[in-house]
Colleague: 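Handing you a structure now.
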Amino acid sequence: MKLRLTAIIVLTLIMSSCAHKVEPVTVDLSQLEVVTRTDWGWVPAADSIPLLDTHEIEYVTIHHGGEDFPEDKDVIKYLIGLQSWSRSSKNWMDNPYHYMIDLKGNIYEARPIQYPGDTNTSYDPRGHALICVMGNYENQILSETQFEQLARLTAMLANKYNVPQEKIKSHKDYAETQCPGEDIYRYLEDGSFLERVSDLRTP
Ligand SMILES: [Zn+2]
């Protein structure tokens with residue numbers, strides 16, 4: 001009986017130490033690798049596209065792409081396609097988000113951050129730094145690498161713009177939407193994401 005109880009305790013400890021628990025490591029956020037707009041072929045806006053007024057960042061807000069992203073999908077084509085769709089179909093100045101993260105955890109610059117992003121829902125994205133994880137996390141699973149890269153990017157932006165922890169949230173916290181999807185939102189709900197961001201902000 002005692003042995004069984006010990007086994008259950010050990011098993012519980014092992015299980016609770018899995019699931020995105022990252023060993024506390026010192027990370028130099030200034031060394032965070034980001035694929036720049038020039039690297040992926042971002043196209044500057046034509047003169048006919050109206051530029052928005054610039055804004056100051058006060059929030060970091062997390063999104064998902066909302067469409068399933070198969071592993072063999074070409075990320076660069078997707079970024080270029082999203083930019084072109086945003087302009088031609090939505091009349092937005094650019095890709096709606098400032099940074100995007102792919103399935104492998106690579107980070108890409110998108111809309112220049114001095115301009116507010118865009119949204120199909122009813123919150124005002126002025127003042128928000130928008131991060132989008134490519135894919136649909138109602139259906140897909142956020143990998144440990146993606147979780148860690150999302151946390152590092154969030155921490156880097158929050159430090160750079162002096163965003164307090166309580167202003168790091170997700171789309172769902174501001175508007176009627178499923179975004180950023182269940183498998184991202186659960187880490188915001190249980191506090192583990194903000195905990196990791198906090199650790200990264202104060203190494
Ligand atoms: Zn969203």
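For ligands, and for the atoms within them, numbers begin at 1 and follow the listed sequence. Treat the numbers as computed from the prediction; the structure is a model and nothing was measured.
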Colleague: How about D94 and W42: does a side-chain donor come under 3.5 Å of a side-chain acceptor?
Modeller: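 The answer is yes; a qualifying pair exists.
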
Colleague: Are side-chain N/O atoms of Y123 and E176 paired as donor and acceptor at under 3.5 Å?
Modeller: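 Note: Y123 and E176 side chains miss the donor-acceptor criterion.
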
Colleague: Between H171 and T121, do the side chains contain an N or O donor and an N or O acceptor separated by less than 3.5 Å?
Modeller: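 A donor-acceptor contact under 3.5 Å links the two side chains.
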
Colleague: Going by the angle between their ring planes, with limits at 30° and 60°, are H64 and Y137 parallel, tilted or perpendicular?
Modeller: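 The rings of H64 and Y137 sit tilted, inter-plane angle from 30° to 60°.
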
Colleague: Distance alone, cut at 3.5 Å: any donor-acceptor contact between the side chains of N95 and R111?
Modeller: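 There is no such pair between these side chains.
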
Colleague: Using 2.8 Å as the cut-off, count the protein N, O or S atoms closer than that to the Zn ion (ligand 1).
Modeller: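 Count of protein N, O, S atoms less than 2.8 Å from the Zn ion (ligand 1): 3.
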
Colleague: Do side-chain atoms of Q83 reach the backbone of I80 as a donor and acceptor pair under 3.5 angstrom?
Modeller: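 Absent.
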
